[in-house]
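Lettering of chains follows the sequences in order, A, B, ..., and the numbering in each one begins at 1. Bear in mind the structure is a predicted one, so any value in this text is a computation, not a measurement.
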Amino acid sequence: MNKYDHNKIEKKWQKVWESTDLYKTKRGNGKKSYVLDMFPYPSGDGLHVGHPKGYIATDVYSRLKRMQGYNILHPMGWDAFGLPAENYAIKNKIHPAVAVKKNIKRFKSQLQKIGFNYDWSREINTTDPGYYKWTQWIFLQMYKAGLAFQSHEPINWCPSCQTGLANEDLEDGTCERCGSVVEKRPIPQWVLRITKYADRLLSGLDTLNWPEYIKESQRNWIGRSEGAEIEFKVESLKLKVEEKIKVFTTRADTLFGVTYLILAPEHPILKKLEALISNFEEVEKYQAEVKNKTQIERTAEGKEKTGVQLMGIKAINPVNQEEIPVWIADYVLADYGTGAVMAVPAHDQRDLQFALRFDLKIKPVIAQVNSVAEIFPGLTEAKIESIRKSGFVHLGGGLLVNSGQFDGLLNEDAKEKIASFVGGTTVTNYKLRDWVFSRQRYWGEPIPLIHCPKCGVVPVPEKDLPVKLPNVKSYAPAGTGESPLARIEKWVNVKCPKCKGPAKRETNTMPQWAGSCWYYLRYTDPKNRKRFTSQRAEKYWQPVDMYVGGAEHATRHLIYARFWHKFLFDIGAVSTEEPFQRLQNVGLILASDGRKMSKRFSNVVNPDEIVDRFGADSLRVYEMFMGPFNQAIAWNSDSLVGSRRFLERVWKLREKISKETADETALVSASLLHQTIKKVGEDIEAFRFNTAVSGLMILLNSLEGKEAISAETFKTFLKLLAPFAPHLTEELWGHLGYKKSIHSESWPEYSEKIATSAPITIIVQVNGKTRESFTAKRGEPNERIQEIALALSSVRKWTEGKTIVKVIVVPDRLLNIVVKDS
RNA sequence: GCCGAGGUGGCGGAAUUGGCAGACGCACAGGACUCAAAAUCCUGCGGUGGCAACAUCAUGAGGGUUCGAUGCCCUCCCUCGGCACCA
């Protein structure tokens with residue numbers, strides 16, 4: 001008996017699988033399963049053991065699906081444009097194109113050692129001109145549809161990365177990449193109108209089989225809120241003028257409680273009102289102060305509210321013609337709603353803070369705690385207490401007071417009535433912002449537009465795509481707000497496609513998220529140069545059935561890709577509304593010290609080492625066995641040996657194969673075997689890999705305890721293990737004399753009858769405490785079970801001298817005898 | 001502040017229409033094999049009491065419902081994640 005030499009076995013089969021095209025996607029009809037990983041960005045550091053976890057899961061999943069008879073699309077590629085690649089290149093003084101090539105090579109060889117069943121013939125790379133031609137093509141379609149437009153609004157600017165950023169690229173007002181504090185800069189930008197899709201991005205979530213918290217993140221991010229826009233007249237104290245300020249509110253029910261208006265300091269109406277405002281210098285001074293503050297300073301928690309009253313004007317509350325003062329304050333955001341709000345200090349915490357600071361009127365219009373308790377007798381003490389604590393400000397519901405003819409209405413019912421009474425319009429607002437899409441950096445897809453002094457912005461004709469990124473020596477960011485491409489005159493200066501006159505190329509590039517917005521479509525037809533996708537392939541493979549990746553993409557990649565996909569659906573380029581039907585999030589593998597694996601902490605474990613020492617199959621089994629798939633768990637090299645031991649024991653199990661198996665144990669074995677068939681299949685389907693592996697271990701433990709096992713049993717065991725340990729099982733399958741790969745075998749059939757054929761253990765409880773157990777046939781009638789149980793001497797001990805009140809029998813499980821002292 | 005997920009042995013974790021709490025694995029302890037070690041195999045392994053059979057307590061804390069609660073209800077504590085002057 002030779003020993004389990006994982007190195008020899010794994011290298012051998014990886015070669016065979018490759019040379020026989022075992023995992024090549026079949027052109028097909030019939031049922032399909034598109035199993036996709038979020039493709040990696042090939043960093044210079046190579047893989048650590050955390051990276052493959054998700055890939056192992058999709059590998060196990062797709063192998064199961066293949067054995068179940070599905071046609072599989074399971075591809076891999078590289079998301080290689082973007083800041084990290086460029087910064088790595090600058091730091092190491094290698095051209096990004098060279099660095100990316102090198103890094104991909106390293107990544108790929110690391111991945112291939114783990115024995116994945118990717119169809120590498122479909123490999124894609126977002127930096128390949130044949131690929132980004134179509135990224136540019138999609139951009140042009142968006143441009144033509146009016147979804148890509150130039151904006152002159154100030155944008156988020158990272159002073160360290162020297163580029164503009166999208167809202168999604170910020171983390172608490174800092175650059176998500178480098179942590180620098182982000183500034184506002186007035187640089188013209190290309191922007192994608194993702195807000196047009198806000199509603200569909202929201203409602204589409206309901207159709208998806210995704211983790212609830214990812215959907216919730218997206219809902220929060222989109223931030224839909226329904227309210228009303230209401231106009232307030234503005235009057236000068238001296239002159240007769242007609243100006244209006246429109247506010248957005250979700251609380252029209254509190255309109256009678258408005259005691260002042262507040263404008264964002266950047267509100268455009270201020271210019272118009274200049275002549276009427278007697279303290280305009282003060283206003284300008286405040287505006288300048290605000291402009292110099294970063295977002296962090298402006299929104300810092302616990303910060304005192306600031307503002308300036310606009311002297312010389314007043315506003316009129318449309319509901320009761322009351323005159324109220326108008327203020328500017330930086331707690332009102334210019335780019336949300338109308339940039340102006342009505343302040344109700346009695347029922348809004350922020351307004352209250354402001355009112356207290358500047359000694360403004362507070363006017364409650366919703367009934368107080370006591371009356372609320374009368375109206376809603378169901379309120380708990382704690383709830384009432386919490387309302388009481390908040391003083392007379394209360395944000396909850398209640399009955400209107402001080403509200404004229406609306407007194408006594410439930411505030412929820414009053415919203416619409418009061419809004420329409422003052423001629424307000426129903427409006428829905430979103431927190432989602434349009435996507436700032438241009439970057440002032442080198443390593444990205446050039447935006448395929450041309451600026452002509454005569455014709456304006458002209459799209460590059462489709463036949464001239466791709467607009468190739470020029471190969472240059474100096475690609476460091478300019479820092480001027482212009483892309484480094486602007487320095488390359490030969491590339492910049494072109495003829496206008498329309499008038500043939502001299503024109504210049506757009507020099508900004510696309511953000512790193514662009515390429516990943518549609519790559520899953522490219523895999524269905526990777527070599528097509530003539531069309532965006534082959535409709536036949538697209539229609540067959542879409543949507544992605546199982547998508548696996550990190551939760552950090554919840555409000556970036558996963559929103560962007562859904563947006564592009566919906567657009568492509570609208571222009572008829574794809575056949576589904578949503579790209580990713582089912583999503584699973586992979587939980588991080590932390591270092592054994594509990595921190596993130598990082599070069600910085602020098603706690604990184606390289607998978608190559610693990611594969612060399614323990615084998616790819618051990619790594620795979622261990623990572624699936626560690627714990628729940630979506631949970632973060634620390635790496636533990638000690639535990640890894642448990643998986644290795646498991647495989648060693650499988651290797652030895654074949655010594656027990658015999659033609660003659662003992663009959664009395666056969667039934668128990670067969671029953672457990674079939675229970676395991678069911679369990680492993682269902683657990684993989686539900687991404688409960690840890691319990692699937694443990695089920696296999698239980699089965700192995702049981703088989704090892706037998707004198708002998710049948711070849712049939714061993715074969716079935718190998719098939720169940722095959723998705724997890726593809727090399728070992730392939731080798732053992734070969735030993736059994738099979739020439740065809742185990743991975744193209746079909747999944748074992750589950751028999752309910754055999755699974756339930758073994759005797760079961762019935763638990764006997766007395767007053768809920770377990771006292772005894774006995775074995776019985778499945779499906780034994782309750783009366784019979786009760787009879788057996790009551791006759792047991794160990795049970796009689798507890799019932800003797802007591803009165804049996806009742807007996808509860810749970811079929812095939814337990815019975816509980818309830819007794820009391822007589 | 002709002003929303004979401006979670007809290008079980010020394011460790012990772014298992015068990016859900018409410019039915020044996022601690023599967024499986026790691027670590028640890030004892031034994032077999034060995035000149036010895038490693039590997040392997042066998043046995044034990046939540047706390048307390050007991051030589052043992054066994055009893056008793058125990059799933060973040062406290063209450064409740066139930067024949068029976070890790071799971072359901074109420075109150076509270078803690079951890080992680082998302083959003084956040086979004087009116």
Side-chain angles (χ1 to χ4, degrees), chain A residues 3 172 211-225 227 247-251 254 262 264 298-303 305 329-333 335-344 347-351 353-354 380-382 390 395 429-433 551-552 554-555 585 621-622 625-628 630-643 645-646 648-649 652 688 690-701 704 761-773 794 797 805-820:
Chain A
K3 72 183 222 317
D172 297 326
E212 196 46 46
Y213 74 100
I214 298 285
K215 291 199 208 179
E216 202 53 33
S217 291
Q218 293 210 350
R219 288 190 193 109
N220 281 339
W221 190 259
I222 295 166
R224 177 190 159 105
S225 70
V247 305
F248 172 73
T249 181
T250 56
R251 296 299 304 273
T254 60
I262 324 154
R298 209 172 144 168
T299 61
E301 212 169 325
K303 188 197 77 132
K305 296 235 175 326
D330 68 357
Y331 82 90
V332 174
L333 305 176
D335 55 357
Y336 182 77
T338 60
V341 303
M342 57 182 226
V344 188
H347 305 292
D348 182 282
Q349 213 139 45
R350 296 151 302 182
D351 296 343
Q353 278 171 15
F354 192 81
T380 60
E381 283 297 324
S390 71
L395 311 170
N429 270 317
Y430 300 91
K431 287 188 213 168
L432 185 72
R433 292 293 121 89
E552 69 274 17
T555 55
N585 280 121
V621 169
Y622 172 57
F625 183 60
M626 286 177 93
N630 56 13
Q631 191 175 300
I633 297 178
W635 178 263
N636 182 342
S637 294
D638 277 343
S639 289
L640 174 69
V641 305
S643 299
R645 279 181 203 148
F646 168 62
E648 294 265 13
R649 285 161 51 203
K652 281 190 199 141
R688 291 187 302 250
N690 54 333
T691 51
V693 173
S694 112
L696 288 165
M697 288 173 168
I698 291 168
L699 180 58
L700 176 68
N701 288 347
E704 274 182 335
T761 305
I762 303 284
I763 304 306
V764 185
Q765 298 184 336
V766 179
N767 283 353
K769 294 200 168 148
T770 303
R771 298 301 182 189
E772 191 49 86
S773 68
S794 48
K797 193 171 94 189
V805 182
K806 62 174 157 175
V807 178
I808 291 135
V809 182
V810 181
D812 296 342
R813 279 221 121 109
L814 95 172
L815 81 165
N816 188 11
I817 304 160
V818 186
V819 298
K820 67 168 188 193

Per-residue pairing states of RNA chain B in dot-bracket (Watson-Crick or G-U under 3.5 Å; . unpaired, | other strand) read (((((((..(((......[....))).(((((.......))))).((((....))))..(((((..]....))))))))))))....
Using the [atom1] atoms only, state how far [M] lies from [N], rounded to an integer number of Å.
{"N": "B/U70", "M": "B/C57", "atom1": "P", "answer": "13 Å"}
{"N": "B/G50", "M": "B/A36", "atom1": "P", "answer": "38 Å"}
{"N": "B/G4", "M": "B/C20", "atom1": "C1'", "answer": "34 Å"}
{"N": "B/G9", "M": "B/G13", "atom1": "P", "answer": "11 Å"}
{"N": "B/C11", "M": "B/C76", "atom1": "P", "answer": "29 Å"}
{"N": "B/A69", "M": "B/G18", "atom1": "P", "answer": "14 Å"}
{"N": "B/A14", "M": "B/C24", "atom1": "C1'", "answer": "7 Å"}

* To do: Check the chi torsion on B/G81 and let me know: syn if it falls within 90° of 0, anti if not.
  =>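 Judged by the O4'-C1' to base torsion, B/G81 sits in anti, the angle falling more than 90° away from 0.
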**Prompt:** Is the base of B/C83 touched by the side chain of A/Lys431 through a donor-acceptor pair closer than 3.5 angstrom?
**Reply:** no
task: Decide whether a cation-pi geometry holds between A/Lys305 and A/Phe354; the criteria are a distance under 6.0 Å from NZ or CZ to the six-membered ring centre and an angle within 45° of the ring axis.
output: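 Because its charged atom misses either the 6.0 Å distance or the 45° angle limit, A/Lys305 does not stack over A/Phe354.
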Between the protein and nucleotides 4-14 of chain B, which nitrogen or oxygen pairs come in under 3.5 angstrom?
unit_1	atom_1	unit_2	atom_2	d
B/G12	O2'	A/Met626	O	2.6
B/G13	OP1	A/Gln631	NE2	2.2
B/A14	OP1	A/Asn690	ND2	2.9

Salt bridge (Lys or Arg N to Asp or Glu O under 4.0 Å) against [X], all qualifying residues, sequence neighbours excluded:
{"X": "A/Glu216", "answer": "A/Arg219"}
{"X": "A/Arg771", "answer": "none"}
{"X": "A/Asp330", "answer": "A/Lys293, A/Lys303"}
{"X": "A/Arg224", "answer": "A/Asp199, A/Glu226"}

Residues at least two apart in sequence or cross-chain that pass side chain to side chain donor-acceptor pair (under 3.5 Å) with A/Asn630, listed by chain then number, are none
With sequence neighbours left out, the residues meeting side chain to side chain donor-acceptor pair (under 3.5 Å) with A/Ser794 are A/Glu772
Q.
Taking the six-membered ring for Trp, are A/Tyr622 and A/Trp635 closer than 6.0 Å centroid to centroid?
A. yes
Using only side-chain N and O atoms of [X], determine if any of them is under 4.0 Å from OP1 or OP2 of [N].
{"X": "A/Arg224", "N": "B/C83", "value": "no"}
{"X": "A/Arg645", "N": "B/G25", "value": "no"}
{"X": "A/Ser643", "N": "B/G25", "value": "no"}
{"X": "A/Asn701", "N": "B/G25", "value": "yes"}

Note: for A/Tyr430 and A/Gln218 on RNA chain B, the residue whose nearest nucleotide lies more 5' is A/Gln218
5'-most by nearest nucleotide on RNA chain B - A/Val693 or A/Lys797: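 Whichever sits nearer the 5' end wins; that is A/Val693.
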Practice item. Take A/Arg649 and A/Leu700 through the test side chain to side chain contact (heavy atoms under 4.5 Å, CB included) and record every step on the way to the result. Key: CA-CA 8 Å; A/Arg649 285 161 51 203; A/Leu700 176 68; 3.7 Å; yes
List every contact pair, protein side and nucleotides 17-20 of chain B side both N or O, where the distance is under 3.5 Å.
unit_1	atom_1	unit_2	atom_2	d
B/G19	N2	A/Gln765	OE1	3.4

- Given B/C85, B/C24, B/A27, the nucleotide with the shortest approach to the side chain of A/Asp638: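 The nucleotide sitting nearest to the side chain is B/A27.
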Please classify the nucleic acid contact of [X] as base, sugar-phosphate, or nothing, using heavy-atom distances under 4.0 Å.
{"X": "A/Arg688", "value": "nothing"}
{"X": "A/Val332", "value": "base"}
{"X": "A/Val341", "value": "base"}

A/Asn816 side chain vs A/Ile808 backbone, donor-acceptor pair below 3.5 Å: no
Quick check on A/Asn701: does its CG atom have over 12 non-hydrogen neighbours (other residues, nucleotides or ligands) under 6.0 Å away? yes
Any protein N or O atoms within reach of nucleotides 56-58 of chain B? Criterion: under 3.5 Å, listing atom names and distances.
unit_1	atom_1	unit_2	atom_2	d
B/U56	OP2	A/Arg771	NH1	3.2

Tell me, with the steps shown, if A/Val809 and A/Val807 meet side chain to side chain contact (heavy atoms under 4.5 Å, CB included). CA-CA 6 Å; A/Val809 182; A/Val807 178; 4.2 Å; yes
With sugar-phosphate taken as primed atoms, P, OP1 and OP2 and all else as base, the protein-contact string of nucleotides 42-48 of chain B at under 4.0 Å (heavy atoms; B, S, -) is -------
Nearest-Å distance for atom pair [atom1]/[atom2], residues [X] and [N]:
{"X": "A/Asp172", "N": "B/G81", "atom1": "CG", "atom2": "C1'", "value": "13 Å"}
{"X": "A/His347", "N": "B/A87", "atom1": "NE2", "atom2": "P", "value": "17 Å"}
{"X": "A/Tyr331", "N": "B/A87", "atom1": "OH", "atom2": "P", "value": "13 Å"}
{"X": "A/Glu648", "N": "B/A38", "atom1": "CD", "atom2": "P", "value": "17 Å"}

For A/Phe625, what residues pass the ring pair (Phe, Tyr, Trp, His ring centres under 6.0 Å) criterion, not counting sequence neighbours?
->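 A/Phe625: no ring pair (Phe, Tyr, Trp, His ring centres under 6.0 Å) contacts found.
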